[in-house]
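First the proteins, then the strands, lettered A, B, ... as listed; each starts at 1. Just so it is clear, the structure is predicted and the values come from calculations on it, not from any experiment.
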Amino acid sequence: MRKEEYLQKLDQLLYDIPSEDRYEAIQFYSDYLEDAGDQVEEVIRSLGTPEELAKSIQKDLYGNNEAGDYTRVYKDVPGTYRVFFSTGGKFTGERCEDNSRYGSNTKRGKESYEAGRKGKLTPGQWIIFLILCLCAAPVIVPICGAFLSIILAIVVVLVAIAFGAGIAGIALVIAAIAVIVVAIVKVIISPLSSAIMLGGGLLMIGLGLIGIAFTAWIVCKVLPKLFVGLVNLCSGIIHKK
Amino acid sequence: MVFNTGATLLDAIVLAVVSRDINGTYGYKITQEVREVIDISESTLYPVLRRLQKDECLEVYDMEFGGRNRRYYKLTEKGRVQLNLYEAEWQVYSSKISSMFNNRGC
């Protein structure tokens with residue numbers, strides 16, 4: 001992901017914190033990525049997705065840090081104690097026993113667990129959600145229908161163009177071969193018209209190959225991209241919910 | 001590293017790193033220098049710097065660099081006092097632990 005894209009996404013994800021805090025955070029990470037220079041891609045990778053970073057910023061700024069244990073990624077070794085110095089001079093410890101998370105961090109595990117819980121709707125929320133869906137149906141169904149029709153139309157048109165161009169290309173190549181064969185046969189009887197036919201035949205082969213290449217381009221490049229785009233769009237809509 | 005670094009120790013390390021540049025230093029450099037000593041993720045330092053700033057241990061200023069404003073962090077007087085305290089505490093703590101290991105039974 002590019003730097004600007006990353007920061008923009010982060011900015012959007014921090015919409016619910018005070019604008020001053022958001023500005024500060026964006027300013028910091030904008031500086032940070034600028035200063036990373038050549039390493040920027042690596043830095044972005046280790047910062048995690050914008051979603052993860054946004055979550056950690058929110059948690060760090062407004063979370064409960066009384067135990068002095070706020071987000072830090074230290075490698076937990078099974079069988080060791082995690083020791084924190086709290087600001088009050090108290091001591092807190094937590095035993096790490098989970099071998100499966102070796103090398104990762106207990107805190108983050110908890111976080112994603114909580115996030116998973118937050119993502120699930122309670123029965124009350126489900127009912128409200130269903131009612132909202134029913135109310136919105138008269139508007140949403142036609143819009144979705146229209147949208148799908150447009151996409152389908154685009155796909156059909158593309159396929160038709162590809163098919164037409166392909167068939168025309170193949171036909172041209174076959175005709176060209178016939179013309180060239182005739183030209184070769186006629187070469188002794190009338191060399192002049194034979195040369196013209198040969199030239200015409202070669203031209204037809206060229207045009208036919210262009211048609212076939214165009215078909216191949218649509219089938220191999222354009223259609224897959226269209227499908228990937230569609231799938232991304234759909235998953236984007238679903239994940240936003 | 002099997003030992004975890006707690007919030008206070010991280011504060012102390014960050015203050016020490018910032019104190020090395022009299023005229024102040026910037027977020028990326030601080031992070032990389034802290035990472036030379038302890039294993040923290042890239043995203044750990046922002047909240048720490050921000051809290052130290054709120055606690056008035058660090059002050060910030062923006063300075064033009066390469067056509068943009070870069071934020072610099074600088075130790076305040078309060079930060080210096082805090083760092084001295086941490087250092088003294090650390091000396092006591094680490095020497096106790098070291099002597100414990102030096103006098104172990106096996």
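Take B/Glu42 and apply the salt bridge (charged side-chain N to carboxylate O under 4.0 Å, His left out) test, not counting sequence neighbours, and it matches B/Arg35.
Smallest separation of non-hydrogen atoms from B/Ser43 and A/Leu53: CB-CD1, 3.5 Å. The heavy-atom pair separating B/Asn69 from A/Asp31 by the smallest distance is O-OD1, 3.3 Å.
Within 6.0 Å of atom CD in A/Glu51, more than 12 heavy atoms from other residues, nucleotides or ligands are found, so the atom counts as buried in its surroundings. For CZ of B/Arg104, the number of neighbouring non-hydrogen atoms (other residues, nucleotides, ligands) closer than 6.0 Å is 12 at most. A 6.0 Å sphere centred on CG of B/Asn102 holds more than 12 heavy atoms belonging to other residues, nucleotides or ligands. For A/Tyr23, the OH atom counts as loosely surrounded, since its 6.0 Å shell holds 12 or fewer non-hydrogen atoms of other residues, nucleotides or ligands. Other residues, nucleotides and ligands place no more than 12 heavy atoms under 6.0 Å from the CD atom of A/Glu20.
Between B/Tyr28 and A/Leu33, every side-chain heavy-atom pair lies at or beyond the 4.5 Å cut-off.
Contact residues of residues 71-79 of chain B toward chain A are B/Arg71, B/Tyr73 (heavy-atom distance under 4.5 Å).
If you measure heavy-atom distances from A/Gln39 to chain B, the contacts under 4.5 Å come from the side chain alone. Heavy-atom distances place the side chain of B/Arg50, and not its backbone, under 4.5 Å from chain A. For a residue to count as touching a neighbouring chain, one of its non-hydrogen atoms must lie under 4.5 Å from one of that chain's; by this rule A/Glu24 touches chain B with backbone and side chain alike.
Taking the six-membered ring for Trp and thresholds of 30 and 60 degrees, B/Tyr46 and A/Phe28 have ring planes inclined between 30 and 60 degrees apart.
Between the CZ atom of B/Phe65 and the CG atom of A/Asp35 there is a distance of 6.5 Å, given to the nearest 0.5 Å.
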